[in-house]
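As the structure is a computational prediction, the values presented were derived from the model and not from experiment. Note that the numbering runs from 1 along the sequence shown for the chain.
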Amino acid sequence: MIYLNIAFWIALACVVYAYAAYPLFLGIAARLRPKLRRTGEPFRGSVSLVVAAYNEEMRIGTRLRELIGHLERCQVRAEIIVVSDGSADATAEVARRKGNGLVRVLELSANQGKAAAISACCAEARNDVIVFADVRQTWAPDALQLLLENFNDPSVGAVSGDLVVESTPGVMTGVGLYWRYEKWLRKQESRLHSTVGVTGAISAVRRDLFRAIPPGTILDDVYWPLHVAMQRKRVLHDGRAKAFDRLPDRARDEYRRKIRTLTGNFQLLTRLPAAFLPWRNPVWFQLMSHKLCRLLVPWALAVLFICGLEQAHGICRFVFWLEITAGTLGLAGLINWIGTRSRVAAAAASFLVLNTAAWLAFWVWASGRASRSWSKVSYEVAPLSYSTNP
(Lines give C-alpha, C1' and ligand atoms only; values in the text may rest on other atoms or scores of the structure.)
Protein backbone atom coordinates (compact mmCIF):
# COMPACT_ATOMS: atom_id res chain seq x y z
CA MET A 1 0.00 0.00 0.00
CA ILE A 2 2.94 2.35 0.61
CA TYR A 3 4.04 1.98 -3.01
CA LEU A 4 0.45 2.52 -4.15
CA ASN A 5 0.27 5.76 -2.16
CA ILE A 6 3.57 6.96 -3.62
CA ALA A 7 2.35 6.17 -7.13
CA PHE A 8 -0.91 8.03 -6.44
CA TRP A 9 0.77 11.22 -5.27
CA ILE A 10 3.28 11.22 -8.13
CA ALA A 11 0.49 10.73 -10.67
CA LEU A 12 -1.68 13.42 -9.07
CA ALA A 13 1.27 15.84 -9.03
CA CYS A 14 1.87 15.20 -12.75
CA VAL A 15 -1.73 16.04 -13.71
CA VAL A 16 -1.97 19.08 -11.43
CA TYR A 17 1.40 20.41 -12.56
CA ALA A 18 0.66 20.02 -16.28
CA TYR A 19 -2.73 21.75 -16.24
CA ALA A 20 -2.69 24.02 -13.18
CA ALA A 21 0.67 24.59 -11.46
CA TYR A 22 2.74 25.26 -14.58
CA PRO A 23 0.24 27.73 -16.12
CA LEU A 24 -0.06 29.48 -12.74
CA PHE A 25 3.71 29.75 -12.36
CA LEU A 26 4.05 30.89 -15.95
CA GLY A 27 1.43 33.60 -15.57
CA ILE A 28 3.05 34.99 -12.42
CA ALA A 29 6.61 34.82 -13.78
CA ALA A 30 5.60 36.49 -17.06
CA ARG A 31 3.97 39.37 -15.16
CA LEU A 32 7.21 39.99 -13.29
CA ARG A 33 9.13 40.36 -16.54
CA PRO A 34 9.17 43.78 -18.21
CA LYS A 35 6.91 43.97 -21.26
CA LEU A 36 8.56 43.82 -24.64
CA ARG A 37 8.70 47.30 -26.12
CA ARG A 38 8.41 47.46 -29.88
CA THR A 39 9.57 50.65 -31.58
CA GLY A 40 6.96 50.45 -34.33
CA GLU A 41 9.68 51.11 -36.88
CA PRO A 42 9.17 49.25 -40.17
CA PHE A 43 11.51 46.40 -40.98
CA ARG A 44 14.26 47.48 -43.41
CA GLY A 45 15.77 44.11 -44.27
CA SER A 46 14.88 41.66 -47.04
CA VAL A 47 12.36 38.83 -46.99
CA SER A 48 12.07 35.36 -48.52
CA LEU A 49 8.50 34.11 -48.20
CA VAL A 50 8.24 30.31 -48.32
CA VAL A 51 5.11 28.37 -49.27
CA ALA A 52 4.99 24.57 -49.35
CA ALA A 53 2.11 23.20 -51.45
CA TYR A 54 0.76 19.79 -52.39
CA ASN A 55 -2.01 19.47 -54.99
CA GLU A 56 -3.14 23.08 -54.55
CA GLU A 57 -3.86 24.20 -58.12
CA MET A 58 -7.32 25.47 -57.12
CA ARG A 59 -6.06 27.77 -54.35
CA ILE A 60 -2.41 28.61 -54.96
CA GLY A 61 -3.16 31.49 -57.34
CA THR A 62 -5.46 33.29 -54.89
CA ARG A 63 -3.04 32.75 -52.02
CA LEU A 64 -0.09 34.11 -54.01
CA ARG A 65 -2.02 37.25 -54.92
CA GLU A 66 -2.70 37.83 -51.23
CA LEU A 67 0.94 37.28 -50.22
CA ILE A 68 2.23 39.53 -53.00
CA GLY A 69 -0.07 42.25 -51.64
CA HIS A 70 1.44 41.81 -48.17
CA LEU A 71 4.98 42.18 -49.54
CA GLU A 72 4.07 45.28 -51.53
CA ARG A 73 2.62 46.95 -48.43
CA CYS A 74 5.83 46.19 -46.51
CA GLN A 75 7.96 47.77 -49.25
CA VAL A 76 10.89 45.42 -48.68
CA ARG A 77 13.18 43.60 -51.07
CA ALA A 78 11.44 40.25 -51.35
CA GLU A 79 10.94 36.95 -53.10
CA ILE A 80 8.40 34.16 -52.82
CA ILE A 81 9.57 30.57 -53.10
CA VAL A 82 6.87 27.97 -53.75
CA VAL A 83 7.77 24.31 -53.49
CA SER A 84 5.43 21.85 -55.15
CA ASP A 85 5.89 18.76 -52.98
CA GLY A 86 5.40 16.07 -55.61
CA SER A 87 2.02 17.50 -56.65
CA ALA A 88 0.07 15.43 -59.16
CA ASP A 89 -1.84 18.46 -60.44
CA ALA A 90 -0.90 21.82 -61.98
CA THR A 91 0.20 23.52 -58.73
CA ALA A 92 3.64 24.46 -60.09
CA GLU A 93 2.29 25.76 -63.42
CA VAL A 94 -0.35 27.94 -61.73
CA ALA A 95 2.24 29.31 -59.28
CA ARG A 96 4.54 30.32 -62.16
CA ARG A 97 1.68 31.94 -64.04
CA LYS A 98 0.37 33.91 -61.05
CA GLY A 99 3.77 34.84 -59.65
CA ASN A 100 4.00 38.42 -60.93
CA GLY A 101 7.79 38.13 -61.27
CA LEU A 102 8.30 37.65 -57.52
CA VAL A 103 7.82 33.90 -57.42
CA ARG A 104 10.33 31.11 -57.88
CA VAL A 105 8.97 27.58 -58.06
CA LEU A 106 10.74 24.43 -56.91
CA GLU A 107 9.35 21.04 -57.88
CA LEU A 108 10.09 17.90 -55.88
CA SER A 109 9.75 14.76 -57.94
CA ALA A 110 7.92 12.89 -55.17
CA ASN A 111 5.86 13.84 -52.15
CA GLN A 112 8.41 14.07 -49.32
CA GLY A 113 6.41 15.85 -46.64
CA LYS A 114 6.38 19.39 -45.33
CA ALA A 115 9.67 19.18 -43.41
CA ALA A 116 11.64 18.26 -46.53
CA ALA A 117 9.71 20.76 -48.65
CA ILE A 118 10.39 23.81 -46.50
CA SER A 119 14.01 22.76 -45.97
CA ALA A 120 14.44 22.70 -49.75
CA CYS A 121 12.93 26.19 -49.97
CA CYS A 122 15.10 27.59 -47.20
CA ALA A 123 18.23 26.25 -48.86
CA GLU A 124 17.32 28.43 -51.88
CA ALA A 125 16.39 31.54 -49.88
CA ARG A 126 18.58 34.61 -50.48
CA ASN A 127 17.23 37.20 -48.04
CA ASP A 128 17.64 38.17 -44.38
CA VAL A 129 14.40 36.77 -42.96
CA ILE A 130 12.46 33.69 -44.03
CA VAL A 131 8.68 33.89 -43.58
CA PHE A 132 6.56 30.72 -43.60
CA ALA A 133 3.00 30.61 -44.94
CA ASP A 134 0.57 27.82 -45.80
CA VAL A 135 -1.90 27.82 -48.68
CA ARG A 136 -5.09 27.26 -46.71
CA GLN A 137 -5.10 30.20 -44.30
CA THR A 138 -5.54 33.93 -44.87
CA TRP A 139 -3.72 36.74 -43.04
CA ALA A 140 -4.89 40.04 -41.63
CA PRO A 141 -3.81 42.97 -43.87
CA ASP A 142 -1.11 44.14 -41.43
CA ALA A 143 0.04 40.69 -40.31
CA LEU A 144 3.32 40.58 -42.22
CA GLN A 145 4.31 44.13 -41.25
CA LEU A 146 3.72 43.41 -37.57
CA LEU A 147 5.54 40.09 -37.75
CA LEU A 148 8.62 41.66 -39.32
CA GLU A 149 8.79 44.58 -36.86
CA ASN A 150 10.07 42.17 -34.23
CA PHE A 151 13.32 41.63 -36.14
CA ASN A 152 14.42 45.20 -35.43
CA ASP A 153 15.46 43.74 -32.06
CA PRO A 154 18.75 41.83 -32.56
CA SER A 155 17.94 39.47 -29.66
CA VAL A 156 14.95 38.09 -31.57
CA GLY A 157 15.65 35.09 -33.75
CA ALA A 158 12.15 33.97 -34.70
CA VAL A 159 8.55 35.12 -34.37
CA SER A 160 5.20 33.35 -34.48
CA GLY A 161 1.97 35.03 -35.39
CA ASP A 162 -1.43 34.26 -33.89
CA LEU A 163 -3.70 31.69 -35.53
CA VAL A 164 -7.39 32.43 -35.02
CA VAL A 165 -9.49 29.31 -35.62
CA GLU A 166 -13.21 29.08 -36.22
CA SER A 167 -14.79 25.97 -34.73
CA THR A 168 -18.05 24.19 -35.38
CA PRO A 169 -20.49 23.44 -32.51
CA GLY A 170 -20.12 20.41 -30.24
CA VAL A 171 -16.81 18.85 -29.29
CA MET A 172 -15.02 21.15 -31.73
CA THR A 173 -16.06 24.06 -29.51
CA GLY A 174 -14.02 22.43 -26.76
CA VAL A 175 -11.08 22.10 -29.15
CA GLY A 176 -11.37 25.81 -29.89
CA LEU A 177 -11.31 26.58 -26.15
CA TYR A 178 -8.24 24.40 -25.74
CA TRP A 179 -6.49 26.23 -28.61
CA ARG A 180 -7.12 29.57 -26.90
CA TYR A 181 -5.60 28.13 -23.72
CA GLU A 182 -2.61 26.89 -25.74
CA LYS A 183 -2.08 30.34 -27.26
CA TRP A 184 -2.22 31.91 -23.79
CA LEU A 185 0.59 29.57 -22.69
CA ARG A 186 2.67 30.52 -25.72
CA LYS A 187 2.16 34.21 -25.03
CA GLN A 188 3.33 33.83 -21.41
CA GLU A 189 6.34 31.74 -22.44
CA SER A 190 7.23 34.40 -24.98
CA ARG A 191 7.09 37.11 -22.32
CA LEU A 192 9.25 35.00 -20.02
CA HIS A 193 11.87 34.29 -22.70
CA SER A 194 10.80 32.13 -25.65
CA THR A 195 7.88 30.01 -26.73
CA VAL A 196 8.69 26.35 -27.43
CA GLY A 197 7.14 26.22 -30.91
CA VAL A 198 5.57 28.47 -33.52
CA THR A 199 2.46 28.40 -35.69
CA GLY A 200 3.53 27.01 -39.05
CA ALA A 201 0.85 29.00 -40.87
CA ILE A 202 2.40 32.36 -39.91
CA SER A 203 5.97 32.54 -38.59
CA ALA A 204 9.40 33.89 -39.49
CA VAL A 205 13.08 33.26 -38.71
CA ARG A 206 16.42 34.87 -39.46
CA ARG A 207 17.87 32.92 -42.37
CA ASP A 208 21.26 32.36 -40.71
CA LEU A 209 19.58 30.74 -37.68
CA PHE A 210 17.41 28.26 -39.59
CA ARG A 211 18.58 24.64 -39.56
CA ALA A 212 17.44 22.04 -42.08
CA ILE A 213 14.72 19.73 -40.78
CA PRO A 214 15.24 15.97 -41.12
CA PRO A 215 12.80 14.46 -43.64
CA GLY A 216 9.79 12.89 -41.98
CA THR A 217 9.86 15.23 -38.98
CA ILE A 218 6.27 15.82 -37.92
CA LEU A 219 6.66 18.96 -35.81
CA ASP A 220 8.74 21.09 -38.15
CA ASP A 221 7.35 24.17 -36.37
CA VAL A 222 8.82 22.97 -33.06
CA TYR A 223 12.06 21.48 -34.40
CA TRP A 224 13.54 24.61 -36.01
CA PRO A 225 12.36 27.06 -33.29
CA LEU A 226 14.13 24.90 -30.69
CA HIS A 227 17.31 25.23 -32.76
CA VAL A 228 16.86 29.02 -32.72
CA ALA A 229 16.47 29.06 -28.92
CA MET A 230 19.52 26.81 -28.56
CA GLN A 231 21.49 29.45 -30.45
CA ARG A 232 20.56 31.85 -27.62
CA LYS A 233 18.03 33.89 -29.58
CA ARG A 234 14.46 34.57 -28.50
CA VAL A 235 11.42 32.99 -30.15
CA LEU A 236 8.46 35.34 -29.68
CA HIS A 237 4.71 34.98 -30.02
CA ASP A 238 3.20 38.16 -31.48
CA GLY A 239 -0.54 38.12 -30.97
CA ARG A 240 -0.98 41.19 -33.19
CA ALA A 241 -0.03 39.33 -36.39
CA LYS A 242 -3.11 37.26 -37.15
CA ALA A 243 -3.87 34.42 -39.52
CA PHE A 244 -7.32 32.88 -39.90
CA ASP A 245 -8.33 29.24 -40.28
CA ARG A 246 -11.08 26.84 -39.33
CA LEU A 247 -11.11 23.48 -37.59
CA PRO A 248 -12.32 20.36 -39.43
CA ASP A 249 -16.07 19.81 -39.34
CA ARG A 250 -15.69 16.23 -38.09
CA ALA A 251 -14.26 15.47 -34.65
CA ARG A 252 -12.54 12.35 -35.97
CA ASP A 253 -10.44 14.46 -38.36
CA GLU A 254 -9.28 16.67 -35.48
CA TYR A 255 -8.62 13.50 -33.46
CA ARG A 256 -6.35 12.13 -36.19
CA ARG A 257 -4.55 15.47 -36.44
CA LYS A 258 -4.00 15.51 -32.67
CA ILE A 259 -2.56 11.97 -32.71
CA ARG A 260 -0.11 13.10 -35.37
CA THR A 261 0.91 16.21 -33.41
CA LEU A 262 1.44 14.30 -30.17
CA THR A 263 3.35 11.57 -32.00
CA GLY A 264 5.62 14.38 -33.18
CA ASN A 265 6.38 15.29 -29.56
CA PHE A 266 7.62 11.76 -28.93
CA GLN A 267 9.57 11.87 -32.18
CA LEU A 268 11.48 14.95 -30.95
CA LEU A 269 13.05 12.83 -28.23
CA THR A 270 15.06 11.00 -30.89
CA ARG A 271 15.26 13.72 -33.57
CA LEU A 272 16.56 16.47 -31.27
CA PRO A 273 17.80 14.90 -28.01
CA ALA A 274 20.01 17.92 -27.20
CA ALA A 275 16.85 19.98 -26.63
CA PHE A 276 16.09 17.81 -23.59
CA LEU A 277 19.40 18.66 -21.90
CA PRO A 278 19.06 21.68 -19.58
CA TRP A 279 22.64 22.88 -20.20
CA ARG A 280 22.03 22.93 -23.98
CA ASN A 281 18.56 24.40 -24.17
CA PRO A 282 17.64 27.72 -22.49
CA VAL A 283 13.93 26.84 -22.83
CA TRP A 284 14.36 23.36 -21.38
CA PHE A 285 11.99 24.12 -18.50
CA GLN A 286 9.23 25.24 -20.88
CA LEU A 287 9.80 22.24 -23.16
CA MET A 288 9.56 19.73 -20.33
CA SER A 289 6.58 21.42 -18.69
CA HIS A 290 4.61 22.31 -21.82
CA LYS A 291 5.29 19.32 -24.04
CA LEU A 292 6.65 16.34 -22.10
CA CYS A 293 4.46 16.54 -18.99
CA ARG A 294 1.31 16.49 -21.10
CA LEU A 295 2.45 13.23 -22.69
CA LEU A 296 2.61 11.69 -19.21
CA VAL A 297 -0.91 12.76 -18.19
CA PRO A 298 -2.82 9.78 -19.74
CA TRP A 299 -0.57 7.37 -17.89
CA ALA A 300 -0.96 9.38 -14.69
CA LEU A 301 -4.73 9.30 -15.06
CA ALA A 302 -4.60 5.50 -15.44
CA VAL A 303 -2.52 5.22 -12.24
CA LEU A 304 -5.02 7.42 -10.37
CA PHE A 305 -7.88 5.23 -11.60
CA ILE A 306 -6.17 2.04 -10.42
CA CYS A 307 -5.36 3.57 -7.05
CA GLY A 308 -9.01 4.57 -6.65
CA LEU A 309 -10.11 1.00 -7.34
CA GLU A 310 -7.71 -0.36 -4.72
CA GLN A 311 -8.48 2.15 -1.98
CA ALA A 312 -12.08 2.70 -0.89
CA HIS A 313 -11.56 5.81 1.22
CA GLY A 314 -9.83 9.16 1.28
CA ILE A 315 -8.59 11.34 -1.54
CA CYS A 316 -7.87 8.31 -3.76
CA ARG A 317 -11.54 7.49 -3.89
CA PHE A 318 -12.50 11.15 -4.41
CA VAL A 319 -10.15 11.42 -7.40
CA PHE A 320 -11.49 8.10 -8.72
CA TRP A 321 -15.08 9.39 -8.76
CA LEU A 322 -13.91 12.71 -10.17
CA GLU A 323 -12.37 10.81 -13.08
CA ILE A 324 -15.55 8.79 -13.58
CA THR A 325 -17.66 11.95 -13.60
CA ALA A 326 -15.33 13.85 -15.95
CA GLY A 327 -15.07 10.85 -18.28
CA THR A 328 -18.83 10.42 -18.42
CA LEU A 329 -19.29 14.12 -19.10
CA GLY A 330 -16.63 13.92 -21.82
CA LEU A 331 -18.34 10.97 -23.50
CA ALA A 332 -21.63 12.85 -23.36
CA GLY A 333 -19.95 15.88 -24.90
CA LEU A 334 -18.95 13.78 -27.90
CA ILE A 335 -22.65 13.56 -28.74
CA ASN A 336 -23.15 16.58 -30.94
CA TRP A 337 -26.45 17.85 -29.51
CA ILE A 338 -25.07 17.69 -25.95
CA GLY A 339 -21.70 19.22 -26.81
CA THR A 340 -23.48 22.00 -28.70
CA ARG A 341 -25.58 22.95 -25.68
CA SER A 342 -22.97 22.60 -22.93
CA ARG A 343 -19.56 24.26 -23.06
CA VAL A 344 -18.52 22.24 -19.99
CA ALA A 345 -19.36 18.97 -21.75
CA ALA A 346 -17.57 20.18 -24.90
CA ALA A 347 -14.45 21.06 -22.87
CA ALA A 348 -14.55 17.67 -21.10
CA ALA A 349 -14.89 15.94 -24.47
CA SER A 350 -11.88 17.87 -25.77
CA PHE A 351 -9.83 16.82 -22.72
CA LEU A 352 -10.89 13.21 -23.25
CA VAL A 353 -9.96 13.31 -26.94
CA LEU A 354 -6.62 14.98 -26.21
CA ASN A 355 -5.51 12.43 -23.63
CA THR A 356 -6.76 9.44 -25.59
CA ALA A 357 -4.79 10.77 -28.57
CA ALA A 358 -1.69 11.22 -26.37
CA TRP A 359 -1.93 7.61 -25.20
CA LEU A 360 -2.32 6.31 -28.77
CA ALA A 361 0.46 8.59 -30.00
CA PHE A 362 2.94 6.78 -27.79
CA TRP A 363 2.12 3.45 -29.41
CA VAL A 364 2.23 4.94 -32.90
CA TRP A 365 5.71 6.30 -32.16
CA ALA A 366 6.91 3.14 -30.36
CA SER A 367 5.81 0.99 -33.29
CA GLY A 368 7.92 3.06 -35.70
CA ARG A 369 4.88 4.28 -37.64
CA ALA A 370 5.29 7.98 -36.85
CA SER A 371 5.85 8.98 -40.48
CA ARG A 372 2.68 7.11 -41.48
CA SER A 373 0.47 8.49 -38.71
CA TRP A 374 -1.34 10.94 -40.96
CA SER A 375 -3.40 10.75 -44.10
CA LYS A 376 -4.78 13.67 -46.02
CA VAL A 377 -7.94 15.21 -44.58
CA SER A 378 -10.46 17.02 -46.77
CA TYR A 379 -12.73 19.78 -45.56
CA GLU A 380 -16.13 19.83 -47.18
CA VAL A 381 -15.41 23.28 -48.61
CA ALA A 382 -11.91 22.66 -49.92
CA PRO A 383 -9.07 20.11 -49.85
CA LEU A 384 -6.48 20.32 -47.08
CA SER A 385 -2.85 19.97 -48.06
CA TYR A 386 -0.92 20.18 -44.82
CA SER A 387 -2.06 20.01 -41.27
CA THR A 388 -1.21 23.16 -39.35
CA ASN A 389 0.26 22.13 -35.98
CA PRO A 390 -0.72 24.91 -33.65
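- Here the side chains of Ile218 and Arg260 are in contact, with some heavy-atom distance below 4.5 Å.
- A ring-centre distance under 6.0 Å is not found for Phe266 and Trp363.
- Looking at heavy atoms from C-beta onward, Leu301 lies in side-chain contact with Phe351 at the 4.5 angstrom threshold.
- Not counting sequence neighbours, Phe151 has no partner by the ring pair (Phe, Tyr, Trp, His ring centres under 6.0 Å) test.
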Show the numbers, then the answer: is there a side chain to side chain contact (heavy atoms under 4.5 Å, CB included) between Glu124 and Glu79?
CA-CA 11 Å; Glu124 296 291 326; Glu79 64 177 350; over 6 Å; no
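- Looking at Trp9 and Ile315, their side chains come closer than 4.5 Å, going by heavy atoms from C-beta outward.
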Apply salt bridge (Lys or Arg N to Asp or Glu O under 4.0 Å) to the pair Arg73 and Asp142, showing each step before the final yes or no.
CA-CA 8 Å; Arg73 282 190 291 273; Asp142 59 352; over 6 Å; no
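- At a threshold of 4.5 Å between non-hydrogen side-chain atoms, the residues Val297 and Tyr19 count as touching.
- Between Arg96 and Glu107, at least one side-chain nitrogen of the basic residue sits less than 4.0 Å from a carboxylate oxygen of the acidic one, meeting the salt-bridge criterion.
- Side-chain contact between Val319 and Phe8 is present, with at least one heavy-atom pair separated by less than 4.5 Å.
- In this structure, Lys187 does not pair ionically with Glu182, as no charged nitrogen and carboxylate oxygen lie closer than 4.0 Å.
- Residues that satisfy the side-chain contact (heavy atoms from CB on, under 4.5 Å) test with Arg240, not counting sequence neighbours, are Arg38, Leu146, Glu149, Asn150, Asp238.
- Defined by atom type and a distance below 3.5 Å, a donor-acceptor pair is present between the side-chain atoms of Asp245 and Gln137.
- Residues satisfying the salt bridge (charged side-chain N to carboxylate O under 4.0 Å, His left out) criterion with Lys233, sequence neighbours excluded, are absent altogether.
- The line from CG of Leu268 to OH of Tyr223 is 9.0 Å long, rounded to the nearest 0.5 Å.
- Proximity of Val205 to Val129: side-chain heavy atoms (C-beta onward) are nowhere separated by under 4.5 Å.
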Working for salt bridge (Lys or Arg N to Asp or Glu O under 4.0 Å), residues Glu66 and Arg63:
CA-CA 5 Å; Glu66 180 197 346; Arg63 183 61 167 142; 2.8 Å; yes
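- Screening residues 203-219 for side-chain hydrogen bond (donor to acceptor under 3.5 Å, both in side chains) gives Arg211-Gln231, Thr217-Arg271 as the qualifying pairs, with residues at least two apart or on separate chains.
- With sequence neighbours left out, the side-chain contact (heavy atoms from CB on, under 4.5 Å) criterion links His193 to Arg234, Val283, Gln286.
- Legend: residues meeting side-chain contact (heavy atoms from CB on, under 4.5 Å) with Phe285, ordered by chain and number and at least two apart, are Tyr17, Tyr22, Phe25, Ser289.
- Here the two rings, on Phe362 and Trp299, have centers that are under 6.0 Å apart.
- Under the 4.5 Å side-chain heavy-atom criterion for Ile, Leu, Val, Met, Phe, Trp and Tyr, Leu262 and Tyr181 are members of the same hydrophobic cluster.
- You'll find the side chain of Trp224 reaches within 4.5 Å of the side chain of Phe132, heavy atoms only.
- In this structure, the side chains of Phe43 and Asn152 come closer than 4.5 Å at one or more pairs of heavy atoms.
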